[in-house]
Amino acid sequence: MAMPLRQSIRVGTYLLEQKLRKREKFPLIVELEPLYACNLACEGCGKIQHPAGVLKQRMPVAQAVGAVLESGAPMVSIAGGEPLMHPQIDEIVRQLVARRKYVFLCTNALLLRKKIEKFTPSPYFAFAVHIDGLRERHDESVAKEGVFDEAVAAIKEAKRRGFRVTTNSTFFNTDTPQTVIEVLNYLNDDLQVDEMMISPAYAYEKAPDQEHFLGVEQTRELFKKAFAGGNRRRWRLNHSPLFLDFLEGKADFPCTAWAIPNYSLFGWQRPCYLMSDGYVPTYRELVNDTDWSKYGRGKDPRCANCMAHCGYEPTAVLATMGSLKESLRAARETVAGNRDASA
């Protein structure tokens, strides 16, 4: 786990506060979508299938910041769509960072080098660049040539300017343990990004490609083999040890989607950013008025093959906090990751 020590302490303190207050449901990180428009048309994404009128909308700064503050979450992942297409995205980031929220701006990086002057390096801010494979595989996944090369150039430029850079890689049933190893080796060793997040692809209902999403057993087999030989310990993965155990089938958890809620142009999305069973105006309504017992693998058919971080990473984090053994294990990996990053 390569989360910076300051961030680890902040999140750990926040979780302890929730426990002392005896709050059963609370947000760990908000998935903020201030627009749905994108400059790519990825086959595995259903976001740009919204009507043209919706794709033209941009969330006001005050609304975006207000939703995060209302939730109380210590971390924010700004996605979309492509957030760098939002004309005031830098102001949204600036205001959240000023309030000491840890902000990850998710981007395909096509606009990053053009927009980078709008942002300032900060320990509270990181660019999170989507990289779904090496050149040929990544460009195929986003249906456009040259995207991988531009993303790599943008990552190098951002790091040169002192920004923290993380990556997010989604894997499909067309991937093999070797393709997973190749891309994570490249990101970890060659590009030397600060952290990497990985995720098995989830079947968006509106995604054009419905044939290449991973099943549960496929996911476990893929990551079990990719993690072998010490790779898991060597890679700077931005995940709790228990979530990585979950991916390779060593542990199983219920879904806690309320801990990574989604706020978009339509409001707080029920139950998570991968499914849409309606929207409510406040996070408290989302928590109190949603029947969470209906969701998760074995409960809702749409959840049958889901092992996505938005549902299961927070469960793993809470399980870690509830176990001295797992807390010490996570602390050791955090210290080791920060030591390796500074070497």
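Numbering of residues begins at 1 and proceeds along the displayed sequence.
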Could you pull out every donor-acceptor pair under 3.5 Å between side chains of residues 148-155 and any protein atom, sequence neighbours left out?
{"unit_1": "D149", "atom_1": "OD1", "unit_2": "R135", "atom_2": "NE", "d": "2.8"}
{"unit_1": "D149", "atom_1": "OD1", "unit_2": "R135", "atom_2": "NH2", "d": "2.9"}
{"unit_1": "D149", "atom_1": "OD2", "unit_2": "R135", "atom_2": "NE", "d": "3.3"}
{"unit_1": "E150", "atom_1": "OE1", "unit_2": "R113", "atom_2": "NH2", "d": "2.8"}
{"unit_1": "E150", "atom_1": "OE2", "unit_2": "R113", "atom_2": "NE", "d": "2.9"}
{"unit_1": "E150", "atom_1": "OE2", "unit_2": "R113", "atom_2": "NH2", "d": "3.4"}

Can you list, pair by pair, the side-chain donor-acceptor contacts under 3.5 Å of residues 52-65, counting residues two or more places apart and other chains?
{"unit_1": "R58", "atom_1": "NH1", "unit_2": "L55", "atom_2": "O", "d": "2.8"}
{"unit_1": "R58", "atom_1": "NH1", "unit_2": "K56", "atom_2": "O", "d": "3.4"}
{"unit_1": "Q63", "atom_1": "NE2", "unit_2": "Y263", "atom_2": "OH", "d": "3.0"}

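Within 6.0 Å of NZ on K159 lie more than 12 heavy atoms contributed by other residues, nucleotides or ligands. More than 12 heavy-atom neighbours from other residues, nucleotides or ligands sit within 6.0 angstrom of CZ on R284. For NZ of K299, the number of neighbouring non-hydrogen atoms (other residues, nucleotides, ligands) closer than 6.0 Å is greater than 12. Applying the 6.0 Å contact sphere to CD of E24 captures no more than 12 heavy atoms from other residues, nucleotides or ligands. Remark: K25 NZ is packed, more than 12 non-hydrogen atoms of other residues, nucleotides or ligands lying under 6.0 Å away.
Summarising the geometry, atom CG belonging to L265 is positioned 8.5 Å from atom CD belonging to E33; distances are rounded to the nearest 0.5 Å. Rounding to the nearest 0.5 angstrom, the gap separating the OG atom in S77 from the CD1 atom in I260 is 9.0 Å. The structure places CD1 of I198 at 10.0 Å from CG of N168, a figure rounded to the nearest 0.5 Å. Distance check, rounded to the nearest 0.5 Å: CG of L35 to NE2 of H50 gives 10.5 Å.
Here R94 pairs with E91 under the side chain to side chain contact (heavy atoms under 4.5 Å, CB included) rule; sequence neighbours left out. Under the side chain to side chain contact (heavy atoms under 4.5 Å, CB included) criterion, M196 pairs with T167, L184, L187, N188, V193, W235, L237, not counting sequence neighbours. Residues satisfying the side chain to side chain donor-acceptor pair (under 3.5 Å) test with R21, not counting sequence neighbours, are none. Here K250 pairs with E248 under the salt bridge (Lys or Arg N to Asp or Glu O under 4.0 Å) rule; sequence neighbours left out. Partners of D190 under the side chain to side chain contact (heavy atoms under 4.5 Å, CB included) rule, at least two apart in sequence or in another chain, are Y186. Taking D90 as the reference, nothing meets the side chain to side chain donor-acceptor pair (under 3.5 Å) condition, with sequence neighbours excluded. Taking T120 as the reference, nothing meets the side chain to side chain contact (heavy atoms under 4.5 Å, CB included) condition, with sequence neighbours excluded. By the ring-ring contact (aromatic ring centres under 6.0 Å, His included) test, F163 is found to be paired with F127, residues two or more places apart in sequence or in another chain being considered.
Put simply, the side chain of L318 reaches to within 4.5 Å of the side chain of L15, judged on heavy atoms.
For the 3.5 Å distance criterion, the side chains of N39 and E82 fail to qualify, holding no donor opposite an acceptor. S276 and Y279 share a donor-acceptor pair across their side chains, judged by distance under 3.5 Å alone. Side chain to side chain, T179 and E182 fail the donor-acceptor criterion of an N or O pair below 3.5 Å.
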- So Y36 and F266, side-chain contact (heavy atoms from CB on, under 4.5 Å) or not? Walk me through it. CA-CA 11 Å; Y36 287 129; F266 300 137; 3.6 Å; yes
- Between D245 and R232, does a salt bridge (Lys or Arg N to Asp or Glu O under 4.0 Å) hold up when you go through it step by step? CA-CA 10 Å; D245 286 350; R232 173 175 156 173; 2.8 Å; yes
- Query: Given Q218 and N173, is the side-chain hydrogen bond (donor to acceptor under 3.5 Å, both in side chains) satisfied, shown in steps?
  - Reply: CA-CA 7 Å; Q218 288 177 305; N173 65 13; 4.8 Å; no
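Ion pairing of R236 with D189 is absent here, as no side-chain N (NZ or NE/NH1/NH2) approaches a carboxylate O to less than 4.0 Å. Under 4.0 Å is where a charged nitrogen must lie from a carboxylate oxygen, and between R297 and D252 at least one such pair does. Ionic pairing of K294 and D277 is not present here: no N-O contact between side-chain nitrogen and carboxylate oxygen is shorter than 4.0 angstrom. Using a cut-off of 4.0 Å between Lys/Arg side-chain N and Asp/Glu carboxylate O, E221 and K224 are scored as not salt-bridged.
Pairing each heavy atom of T315 with each of C255, the nearest pair is OG1-C, 4.1 Å. Across P121 and G162, no two heavy atoms sit closer than the pair CB-O, 3.5 Å. V93 and V103 make their closest contact through CG2-CG1, 4.3 Å (heavy atoms, listed as atom of the first residue, atom of the second, distance).
The aromatic rings of F246 and F253 are tilted relative to each other, their planes meeting at an angle between 30° and 60°.
In this structure, L16 is not a member of the same hydrophobic cluster as I29, with clusters built from ILVMFWY side-chain heavy atoms closer than 4.5 Å. The hydrophobic clustering, which links ILVMFWY residues whose side-chain heavy atoms are closer than 4.5 Å, places Y124 and V68 together.
For residues 9-18, the side-chain hydrogen bond (donor to acceptor under 3.5 Å, both in side chains) pairs, not counting sequence neighbours, are Q18-R23.
Applying the under-4.5 Å side-chain rule to Ile, Leu, Val, Met, Phe, Trp and Tyr, the cluster around L40 extends to L110, V142, V147.
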